[in-house]
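What follows is a short report on a single structure.
Below, read A as the first sequence line, B as the second, and so on, with proteins coming before strands; counting in each chain starts at 1. Small disclaimer: the values here were computed from a predicted structure and weren't measured.
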Number of protein chains: 2
Amino acid sequence: METRELRFFVAVAQELHFGRAAQRLGMAQPPLSRAISLLERRLGTRLFDRDSHRVALTDAGAVLLAEGRAALEAVEAAERRTRRAGSAEPGRAGVVLAVKAGAASELLAKLLHAYAAEPGAVPVEVFLCGPGEQERILRDGRADVALLHRPFDNVAGFDTEDLMTEGQIAILPAGHPLTTRTQLSMADVTGLAALPMPRWPDRDGSYAPGPGPEVRDHTQLIQLITLGRTMMVAPETSRTQLPPDVVAVPVPDAHPVTTVIAWPPHSRSPAVAALVRTATRL
Amino acid sequence: METRELRFFVAVAQELHFGRAAQRLGMAQPPLSRAISLLERRLGTRLFDRDSHRVALTDAGAVLLAEGRAALEAVEAAERRTRRAGSAEPGRAGVVLAVKAGAASELLAKLLHAYAAEPGAVPVEVFLCGPGEQERILRDGRADVALLHRPFDNVAGFDTEDLMTEGQIAILPAGHPLTTRTQLSMADVTGLAALPMPRWPDRDGSYAPGPGPEVRDHTQLIQLITLGRTMMVAPETSRTQLPPDVVAVPVPDAHPVTTVIAWPPHSRSPAVAALVRTATRL
DNA sequence: ACGGTGCGATACCGTGCGGGTATCGCCGTG
DNA sequence: CACGGCGATACCCGCACGGTATCGCACCGT
């Protein structure tokens, strides 16, 4: 199976419409139809149930959609990582480390400092990204290694080492009634009609419906908290980056957050290995 | 990047010889040379350092070899799983479970029995394979889920759930001096010149050099033990399948063996999920 | 009931790319 | 120094892939 065919298939499977899929692929509809039915013939299986007015995935099609997406990502990751490895002087190829902007900054600083002192250390480019984006960045090859946060980030398919575990705190606007408490429970902070939790964008950039404000990054969120529009529950160490006009209150029963260092399991990079070794020794 | 190009590249990277690689690919050498240099141009990077008498991987080439192999495996897995999903009647697609022949037989029986009793259970095909082969079978899509044994099998890249942990026993020919002992240490059993550990085939079917006999499956191995030619260290539960003319002695300091159920992290199969759920509840 | 419309399938055509053969250029070797 | 082995280059050919035109079908509205 060629990646071209897989891309065709995935486009049709997403659109469930040959015409629109063809448009998205920048081609005409007939060759797309032909390519799909040729693929079906080669696989010995229908991938779509289609009459002239509806297109639906078969069971086999659903399998190919899940598996094929993963495969396409692997191919693209291979391409990106090769490009990156090639655009560096030989023997000194850097690594890209993906971290959530504003998270684990102290740990990150210690890690970078300790790693730089290692013999044979290589330049580390830090790729700052939005919440939950590290996973995608690491999967698609834009990064070689990442700091993720369980249980928020999905670490499936990566090798990981735990680095630290911490409790969470609620971050509230100054003067809010709850700020007088010395600690809160999750029941206290979820479902506050006056202070709904913010909504982060999905992978495709869209927002799920809900009462909270739509946010895109941390500064935006902090600003909305100071304005008394929302609140958040975050790991304890984020306390160090808060402005003076918000208040942090521990939430002992919130799920503890574990910061892990993650890398693709087939990584053969000595630099990634050294970075991981350094991280686990902190 | 197309999988065709990747296959070309991997062939050359393995052979480090354009002529032989072309032969293996069933094509002539010139188009292969052209394809590789076109790929290099598209990636903006040399993949091989080559003069007229030597071909060697560049750093970028090494990256592409590791990443590209994983990507090709993902594509082939997608293809196999789709074929399998398509060759079953709709809604009743079976699952393939890979297990090492002769291992965890009691656990396996309990699992199959318990799963069959679940509502919505689906036929489970058991794929019996040689030691360490499960990983490959699961990675390349011939199986959907597998029972693996840490620390022997490499579970990197899979999601896993631990099922059981057990100690190991040494399996010796009856009458051997060590069989009088009530327990042994690893130091006792490794490096016995008279009873060298057997050698299992590599993934490519070849054997590493060493003193032990070359074995291919369990019955062969057991027979060699009864003949007094070798011995083995195996999980405790394998005791139930031993013939009467061998002796098992506990080895408390051997690394404990954990049987895990493993599946590809992107699996969307409800049947696999149900099987895993059943397994963890045993 | 019937023409309209939207969509996938089919028919047919041109071209560019992938593969083949012949040959060159380079270098290590007896 | 002639030879042989190997990768690169030159050139040619066939076909597979993509485009346009059109068909067939099913669901509409009137």
Side-chain angles (χ1 to χ4, degrees), chain A residues 1-62 64-65 68 72 75 79 86 90, chain B residues 1-62 64-65 68 71-72 75 79 86:
Chain A
M1 206 166 25
E2 292 303 311
T3 63
R4 187 181 50 85
E5 310 179 83
L6 257 183
R7 271 185 265 271
F8 287 5
F9 168 78
V10 169
V12 177
Q14 289 185 164
E15 298 285 346
L16 292 177
H17 189 292
F18 281 74
R20 278 195 299 274
Q23 203 174 342
R24 230 183 57 181
L25 292 165
M27 66 188 293
Q29 169 261 321
L32 179 58
S33 285
R34 242 189 332 146
I36 296 290
S37 62
L38 187 64
L39 179 60
E40 289 179 322
R41 193 144 343 124
R42 274 207 286 256
L43 290 173
T45 281
R46 296 247 107 192
L47 297 170
F48 297 104
D49 284 324
R50 47 196 184 277
D51 54 45
S52 49
H53 278 270
R54 214 190 15 241
V55 176
L57 279 173
T58 61
D59 289 355
L64 186 57
L65 181 56
L72 279 180
V75 171
E79 192 167 338
Chain B
M1 206 168 23
E2 292 303 311
T3 63
R4 188 180 48 85
E5 310 179 82
L6 257 183
R7 272 185 264 270
F8 287 4
F9 168 77
V10 169
V12 176
Q14 289 186 164
E15 298 284 346
L16 292 177
H17 188 293
F18 281 73
R20 279 196 298 275
Q23 203 175 343
R24 230 183 58 181
L25 292 164
M27 66 187 294
Q29 168 262 320
L32 178 58
S33 285
R34 242 191 333 153
I36 296 290
S37 62
L38 187 64
L39 179 60
E40 289 178 322
R41 195 146 338 126
R42 274 207 284 257
L43 290 173
T45 282
R46 295 248 107 191
L47 297 169
F48 297 104
D49 283 323
R50 47 195 183 278
D51 54 43
S52 50
H53 279 269
R54 219 197 5 247
V55 176
L57 279 173
T58 61
D59 289 355
L64 185 58
L65 181 57
L72 279 180
V75 172
E79 192 166 338

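- Listed by chain and number, the residues in a salt bridge (charged side-chain N to carboxylate O under 4.0 Å, His left out) with R34(B) amount to none (sequence neighbours excluded).
- Residues that satisfy the side chain to side chain contact (heavy atoms under 4.5 Å, CB included) test with T58(A), not counting sequence neighbours, are R46(A), D49(A), A60(A).
- Heavy atoms only, all atoms of each residue included: H17(B) and R20(B) are closest at ND1-N, 3.0 Å.
- Smallest separation of non-hydrogen atoms from I36(B) and F18(B): CG1-CE2, 4.0 Å.
- Interatomic distance, CG of L64(B) versus CG of L39(B), reported as 6.5 Å (0.5 Å rounding).
- The backbone N or O of M1(A) sits less than 3.5 Å from a side-chain atom of T3(B), completing a donor-acceptor pair.
- Residues forming a salt bridge (charged side-chain N to carboxylate O under 4.0 Å, His left out) with E79(A) (at least two apart in sequence, or on another chain): R83(A).
- Taking CD from E2(B) and CD from E5(A), the interatomic distance works out to 8.5 Å, rounded to the nearest 0.5 Å.
- Within residues 29-36 of chain A, the residues having any heavy atom closer than 4.0 Å to DNA chain C are, in order of number, Q29(A), P30(A), S33(A).
- Once rounded to the nearest 0.5 Å, the distance linking CG of L43(A) with CG of L38(A) reads 9.5 Å.
- Chain B approaches DNA chain C over the interval dG18(C) to dC27(C), counting the first and last nucleotide 5' to 3' with an atom under 4.0 Å from its heavy atoms.
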Side chains of residues 23-33 of chain A: which donor-acceptor pairs under 3.5 Å do they make with residues two or more places apart or in other chains?
from: R24(A); atom 1: NH1; to: E15(A); atom 2: OE2; distance (Å): 3.1
from: Q29(A); atom 1: NE2; to: S33(A); atom 2: OG; distance (Å): 3.0

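- Between A13(A) and L57(A), the closest heavy-atom pair is CB-CD2, 4.0 Å.
- What you find for E40(A) and L47(A) is that their closest heavy atoms are OE2-N, 2.7 Å.
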Strictly under 3.5 Å: I want the nitrogen or oxygen pairs between protein and nucleotides 24-30 of chain D, one per line.
from: dA26(D); atom 1: O4'; to: S52(A); atom 2: OG; distance (Å): 3.2
from: dA26(D); atom 1: N3; to: H53(A); atom 2: NE2; distance (Å): 3.4

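- Listed by chain and number, the residues in a ring-ring contact (aromatic ring centres under 6.0 Å, His included) with F9(B) are F48(B) (sequence neighbours excluded).
- Residues of residues 6-22 of chain B having a heavy atom closer than 4.0 Å to DNA chain C, listed by number: F8(B).
- Nucleotide dG7(D) holds its C1' atom 12 Å from the CD atom of E40(B), rounded to whole Å.
- The separation between R41(A) atom CZ and dA16(D) atom P is 13 Å, rounded to whole Å.
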